[in-house]
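These notes are about the structure you will find just below.
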Amino acid sequence: MSSTVADPPEVASGYRAGRTLPLRVELVRQLKRRRTLVMGAILFALPFVLLIAFQIGGEPGQDNGRVNLMDSATASSANFAAVNLFASAGFLLVIPVALFFGDTVAAEAGWSSLRYLLAAPVPRARLLWSKLVVALGLSLAALVLLPVVALAVGTAAYGWGPLQLPTGGTLSAGTAAQRLVIIVAYVLVSQLVTAGLAFWLSTRTDAPLGAVGGAVFLTIIGNVLDEVTALGDWRDFLPAHWQYAWLDAVQPQLQWTDMIQGTALSVTYALVLFALAFRGFARKDVVS
């Protein structure tokens with residue numbers, strides 16, 4: 001009895017799957033996109049908008065009768081940077097994250113270029129991985145751009161000084177800079193759920209607006225549900241419940257408990273959503 005063994009598929013000489021669609025190529029492609037430039041311009045302009053608002057409206061916190069982070073916005077550049085993050089973390093920073101992750105695969109499908117990329121041939125997992133890493137890098141750059149510009153604007157307007165804490169006391173400029181790094185890192189982690197939603201939806205639809213809008217909509221729904229106190233302890237399972245846990249970093253003693261819980265929840269949700277994206281895309285019939 002004889003047996004036959006199927007010949008392995010032919011592979012072009014020099015072809016390496018791991019070298020297809022290099023990160024540098026994908027990064028350059030995304031940086032040239034108009035939406036990347038527009039989001040960068042918006043985040044760059046926000047500190048100037050707040051500066052003008054404070055110049056026109058006077059010192060913050062004079063009439064609200066409460067003490068919070070916004071009250072000390074003009075105390076120093078560190079305070080001004082923290083206020084910029086506080087004002088934008090709930091919604092504005094959701095937009096670039098949803099855009100960079102949701103406009104990845106869906107945009108290629110919308111342009112009818114996705115099947116040509118896969119025919120290059122770029123392995124599906126490699127394509128998703130390249131787009132995921134670049135989207136994560138652009139999101140980090142967006143989150144870093146805002147406080148960096150705010151520090152520069154705040155230094156010019158209010159001077160470089162210690163961080164005035166809303167509960168009283170100060171943190172030295174060096175310690176304040178370290179706390180701002182922690183805040184940016186936590187804000188990025190807290191946005192991973194939105195990133196995962198947008199990335200997963202991007203592999204399910206050929207409409208980038210649907211992926212981006214769907215992720216933003218679901219994020220807003222989570223924020224609304226977190227305001228429903230009748231849910232009680234069930235709100236602890238909502239990522240939105242922990243999105244402002246970074247405020248513990250602007251206390252005299254840095255508290256990690258809430259940020260650790262928020263990080264664990266966000267990372268768990270994100271890993272599940274990213275895994276669903278890779279699994280679904282591996283089986284998807286790509287016709288666009």
Side-chain angles (χ1 to χ4, degrees), residues 20-47 81 84-85 87-111 113-114 117 122 125-152 180-205 207-216 218-219 239 243 246 263 266-267 269-271 273-274 277-278 281:
T20 56
L21 194 60
L23 293 178
R24 178 181 56 81
V25 174
E26 179 64 17
L27 178 61
V28 171
R29 292 178 67 215
Q30 298 303 325
L31 286 176
K32 291 181 178 179
R33 299 282 304 280
R34 180 177 299 177
R35 48 89 162 157
T36 304
L37 300 177
V38 170
M39 286 309 310
I42 291 174
L43 293 174
F44 184 88
L46 179 61
N84 274 264
L85 287 170
S88 57
F91 181 73
L92 180 60
L93 291 179
V94 172
I95 304 300
V97 173
L99 188 63
F100 293 144
F101 280 89
D103 194 37
T104 51
V105 181
E108 299 285 359
W111 298 332
S113 60
L114 183 56
L117 275 176
V122 180
R126 174 66 182 180
L127 183 141
L128 285 190
W129 177 250
S130 295
K131 291 185 174 296
L132 176 61
V133 172
V134 170
L136 186 62
L138 290 176
S139 298
L140 176 60
L143 296 182
V144 170
L145 175 64
L146 178 61
V148 167
V149 175
L151 280 173
L180 286 174
V181 171
I182 293 173
I183 291 171
V184 171
Y186 182 79
V187 171
L188 176 64
V189 171
S190 67
Q191 298 291 349
L192 286 179
V193 179
T194 300
L197 284 169
F199 194 68
W200 174 63
L201 290 173
S202 185
T203 64
R204 305 296 300 177
T205 178
L209 184 59
V212 176
V216 172
L218 291 174
T219 300
Q243 66 177 336
W246 60 265
T263 297
S266 294
V267 170
Y269 279 129
L271 288 177
L273 290 166
F274 288 143
F278 275 85
F281 190 68

Over all heavy atoms of both residues, which pair between [X] and [Y] is shortest? Give the atoms and the distance, please.
X: Leu46; Y: Ser88; result: CD2-CB, 3.9 Å
X: Ala150; Y: Ala81; result: CB-CA, 3.7 Å
X: Val212; Y: Ala98; result: CG2-O, 3.6 Å
X: Asn84; Y: Pro47; result: OD1-CA, 3.4 Å
X: Ala89; Y: Val94; result: O-CG2, 4.3 Å
X: Val184; Y: Leu85; result: CG2-CD1, 4.2 Å

Distance, nearest 0.5 Å, that separates [atom1] of [X] from [atom2] of [Y]:
X: Lys131; Y: Arg29; atom1: NZ; atom2: CZ; answer: 5.0 Å
X: Phe278; Y: Leu132; atom1: CZ; atom2: CG; answer: 5.5 Å
X: Leu209; Y: Asp103; atom1: CG; atom2: CG; answer: 9.5 Å
X: Gln191; Y: Leu136; atom1: CD; atom2: CG; answer: 12.0 Å
X: Arg33; Y: Phe100; atom1: CZ; atom2: CZ; answer: 10.0 Å
X: Leu138; Y: Thr36; atom1: CG; atom2: OG1; answer: 6.0 Å

More than 12 heavy atoms of other groups within 6.0 Å of Trp246 CH2: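 Check passes, neighbour count above 12.
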CZ/Arg204: more than 12 non-hydrogen atoms of other groups inside 6.0 Å: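 It does not: Arg204 CZ has 12 such atoms or fewer within range.
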Verdict with reasoning, Ser202 to Thr104, per side chain to side chain donor-acceptor pair (under 3.5 Å): CA-CA 7 Å; Ser202 185; Thr104 51; 3.3 Å; yes
Note, Leu43 side chain near Val149 side chain (heavy atom, < 4.5 Å):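 Answer no - side chains too far apart.
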Heavy-atom side-chain proximity of Leu93 to Val97 below 4.5 angstrom: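 When only atoms from C-beta onward are counted, Val97 and Leu93 do not touch, as no gap falls below 4.5 Å.
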Parallel, tilted or perpendicular, as decided by the 30° and 60° cut-offs, for the rings of Phe274 and Phe199: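 Ring orientation, 0 to 90° scale: perpendicular.
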Donor-acceptor contact below 3.5 Å, side chain Thr205 vs main chain Leu201: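 No: the side chain of Thr205 does not pair with the backbone of Leu201.
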Full working for side chain to side chain contact (heavy atoms under 4.5 Å, CB included) between Val28 and Leu31: CA-CA 5 Å; Val28 171; Leu31 286 176; 5.6 Å; no
Any donor-acceptor N or O pair under 3.5 Å, side chains Thr194, Thr219: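 Short answer, yes.
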